[in-house]
Structures are given as structure tokens and as C-alpha cells.
Amino acid sequence: MSRPEHLAPPEIFYNEDEAKKYTQNSRIMEIQEQMSERAIELLLLPEDSPCFLLDIGCGSGLSGSVLEDNGHYWVGIDISTAMLEIAVQREVEGDLLLTDMGQGCPFKAGAFDGAISISALQWLCNADKSHHKPVQRLYKFFSTLYACLSRSARAVLQFYPENGEQMELVTSQAMKAGFYGGVVVDYPNSTKAKKFFLVLMTGGNVPLPQGLGTESQSGGIDYARRERVKNQRGKPMKNSKQWILDKKERRRKQGKEVPHHSKFTGRKRSGRF
Amino acid sequence: MKLLTHNMLTSKCIRGVNVGYPLVINIIRNMKLFTHNMLTTKCKKGVLVGYPLNIKASDIRISSVDFNPDFISKIIPKIDWPVLYSAAESIGHSENLPKEAPPEDYETNEDFLKIAHKALLEVEVVHGELVCPESGRKFPINNGIPNMLLNEDEI
């Protein structure tokens, strides 16, 4: 997968052409919406009560629209003027600000009931200018974010870490700024559907929610490993019933849509057909 | 930019600025529109009323946002009221807003909530600038989007 943050700084990469994709490409829009829905779910906001939220890297306001649909009010920050222009054209309800998240969140203390960010945090791990220092910029971002959230508020940041070190860097800076929490991984068995959510909490250490597609985590691991070892000795023959079942199980773990199992699964058709 | 956002905004990200609150709103009047406006409305009736309103329209926009009393009463404790009042006054939309503090019974006072709703969410500054009270740094507002980007030497 190509990584846009290796190509150009965000304010240059997200030009008019790239911004247009976010209003025309239905696939991009669908994925953004799904991730926003999941981020709101992880925020654990009080039910039936409108909240005042911060959207970091709001871009063309796709995630903001999801917040609006859920009855919340929001303020979005982004570094790309082209993307913000699109947001203005889309007539989103939230207010927009042109800001670099690495320079800090310019808000007064305790302003927001929560914060979300969709696919923006990985940009902070790159030094695009000679005076950029990723560690300092991350720390500045997290410490100012901590300040502008009200107590017991959460921040959910979906991001694409390039490797384990980057994930470690981001989480350690967040912890240094005073947050509790960690990374929740959805669909860890799939390369494509796998999504990382950094769930940060300001008040007290609460156990992290579980990622999607990780049902068989406790106790099941040993069993699964034994099963896998057994299968490696002799893989089921291709197109056999066991092979089909294995494949379906694999795809189910990846979070894909799989037809349900029935007595007809993997059965040969009768000769009459 | 809505006044609710203005109420939350600071310029403390600049190096050397400790508080950076509240930011001053300046509205740049479009000179061309101004002259244009003078010329067109002069031949009509009611010049005195028509001209300042039209001028304002290029800088400040009143949009309609659905009224949500729950949200307004929830957000009022977070609002710095004198700052909101002076901001609304500086852009000429302080009608009926209490000067010092919201009334005690604001949660149930529907009329007050409606006034607060209008000031917080419906009045928008489209063109203008925000001025930092400590350093005097100006942040331009273009098309309703404040530009809070800082230069290398200000971080």
C-alpha cells in the first residue's frame, strides 16, 4: 500500500484534485463514514445528550456529517485549505479552522466533551519541514488536546501506523501527556479491514474496549494454535468440505461477509442436476 | 466562524503567549462593496437603514441552525459570558444578550435560550481577522475559516 505521507506534506498532498475524491469517490466516503461511526461508538458519549466535539483532521467534513447525524455539534481543524473549501461547499454545520495539529490545539481549557480523528495522526510522525521534530510535535499535540478536553472525556484517533515503532512512539507520547488508554485493533486477522484506534481517556484507567473480530481471544488462542499445527501437517484437500469451512472461517475472522453454514455447505450436487 | 468557536479559541500556541484569551475580532470592510452600496442605495428610499445592513452582509452571515435547548443549556456553563457579549457587541449582534451573566433560571428560560442560540450558533463571521491580545498577532478569517497557522519562529 502506498503511503501518502511519504509523497508530500499534507497541505500540499491534499490539493483540489485529492480533495475532490472525498466528495466523488463513494468508496472513500463509505470507509470514512464507517470509521467515524466506529470512533463515535468508542467515544462512549452519554446517550441522548448532544455533545460538543472536536474533529482533528476533519478534511471535507465527512466525519463531521456523521457527528451531525448523531445529533452532536462539532468544530473541525485541518491543515489543507482545499479540503476545507470542499467542507464549506458541502455546507457542513460545524465550524472549521485552518490549523496544524502539530502546533497544538488552540482552544481554551475544558472546551470539548470529546475528540475524534480519522486517518490524520500518522501525518504527525513525519518531519516535512526542517524545523519539524515528530516527537515534539506529537507531545505538543497530545498535551494541548488533553488541556482542551473536559475531564472524563475521551479522544478516539483512528490512524495508520507504518510499523510497530511508530505505534509505540505515538502511544508513549500520549501517555506522557497524561492520557490513559491504548490502541484498539479491529479485525486484527485481516490486512485490509484491520483498523487501529488510539483510544485515549482523561479520567482514570478504564479497561479498553475490545476490537471487532477478536471474539476468540481469551482461552481460545491455545486451542486455535493447536488446530493450526494439526492442519499444517496435512492441509485439507482443495474443494473438500473441510477446505471450504476453513476458508469461510478465515474470511469471517477478517470481518468479511460470509454465507452462513448449512447442511448443504461443501456437499456435492446429485448427478441428476 | 461561529461565536461559540470564538469563545473557545485561544492563541496560546504561540511561543511566549501564556493566556492568549480572548481574541479580538476585527471586521475588514470591503471598500469596493462599500462604494458600490453607497451608489446604488442613494437613489432609493431608506438609505440610512439599507446601507449599513448591506455592508455587514459581506462580513457577517446569519445562518439558521436548528434550535436545540438541551445543547444550549449544557454549553452555557462553559461559555465565558463577558467575552461572548463583547464579541457579539463588536460585530453588532448583541441584541437582548445579558451583559454580565446568564439569568439564574437559564435552563428553563426558553426566550433566553433562543437569544443565546442565535448569538452562539447562527451569527457567523465570514471575513475579518482575529487579533491576539498579548502579541498583537493577526489571524485572518477567509470564507468563514480562521487561519490559525503559525510561522516557524512563533512556535
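Proteins come first, then strands; the chains are lettered A, B, ... in the order of their sequence lines, and each starts at number 1. Owing to the predicted nature of the structure, the values given are computational and were not obtained by experimental measurement. Atoms considered below: every heavy atom in the structure, side chains included; atoms not considered: hydrogens, waters and symmetry mates.
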Chain A heavy atoms under 4.5 Å from [X]: which part of the residue, side chain, backbone, both or neither?
{"X": "B/N7", "value": "both"}
{"X": "B/L121", "value": "side chain"}
{"X": "B/K74", "value": "side chain"}
{"X": "B/F71", "value": "both"}
{"X": "B/I75", "value": "side chain"}

So how far is it from [X] [atom1] to [Y] [atom2], rounded to the nearest 0.5 Å?
{"X": "A/I116", "Y": "A/L157", "atom1": "CD1", "atom2": "CG", "answer": "9.0 Å"}
{"X": "A/C125", "Y": "A/E5", "atom1": "SG", "atom2": "CD", "answer": "8.0 Å"}
{"X": "A/D100", "Y": "A/K140", "atom1": "CG", "atom2": "NZ", "answer": "11.0 Å"}
{"X": "B/Y21", "Y": "B/S11", "atom1": "OH", "atom2": "OG", "answer": "11.5 Å"}
{"X": "A/M101", "Y": "A/T99", "atom1": "CE", "atom2": "OG1", "answer": "11.0 Å"}
{"X": "A/S117", "Y": "A/W123", "atom1": "OG", "atom2": "CH2", "answer": "12.5 Å"}

Flag the one option from B/M148, B/K78, B/M8, B/M1 with the top tally of heavy-atom pairs under 4.5 Å to chain A.
->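 Option with the greatest count: B/M8.
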
Chain A contacts, top residue of B/D80, B/N68, B/V65 (heavy-atom pairs, under 4.5 Å) =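 Most heavy-atom pairs within the cutoff with chain A belong to B/N68.
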
For chain B, which residues from residues 51-60 of chain A have at least one heavy atom closer than 4.5 Å to it?
->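 Heavy-atom contacts from residues 51-60 of chain A to chain B are A/C51, A/F52.
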
Evaluate the side chain to side chain contact (heavy atoms under 4.5 Å, CB included) criterion for residues B/W81 and B/L97: first the C-alpha distance (whole Å), next the side-chain angles of each, then the deciding distance (0.1 Å), finally the verdict.
-> CA-CA 10 Å; B/W81 202 262; B/L97 268 185; 3.8 Å; yes

Please say which of A/R38, A/Q158, A/K195 ends up in a side chain to side chain donor-acceptor pair (under 3.5 Å) with A/D186.
->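 So, applying the side chain to side chain donor-acceptor pair (under 3.5 Å) to A/D186 and each of A/R38, A/Q158, A/K195, only A/R38 qualifies.
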
For chain B, which of A/V75, A/L97, A/I79 has the most heavy-atom pairs under 4.5 Å?
->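 Result: the option with the highest number of such pairs is A/L97.
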
Going by an N to O cut-off under 4.0 Å, is there a salt bridge joining A/E30 and A/R27?
->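 No, A/E30 and A/R27 are not salt-bridged.
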
Do A/R154 and A/E41 sit within salt-bridge range, that is, some charged N less than 4.0 Å from a carboxylate O?
->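 No, A/R154 and A/E41 are not salt-bridged.
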
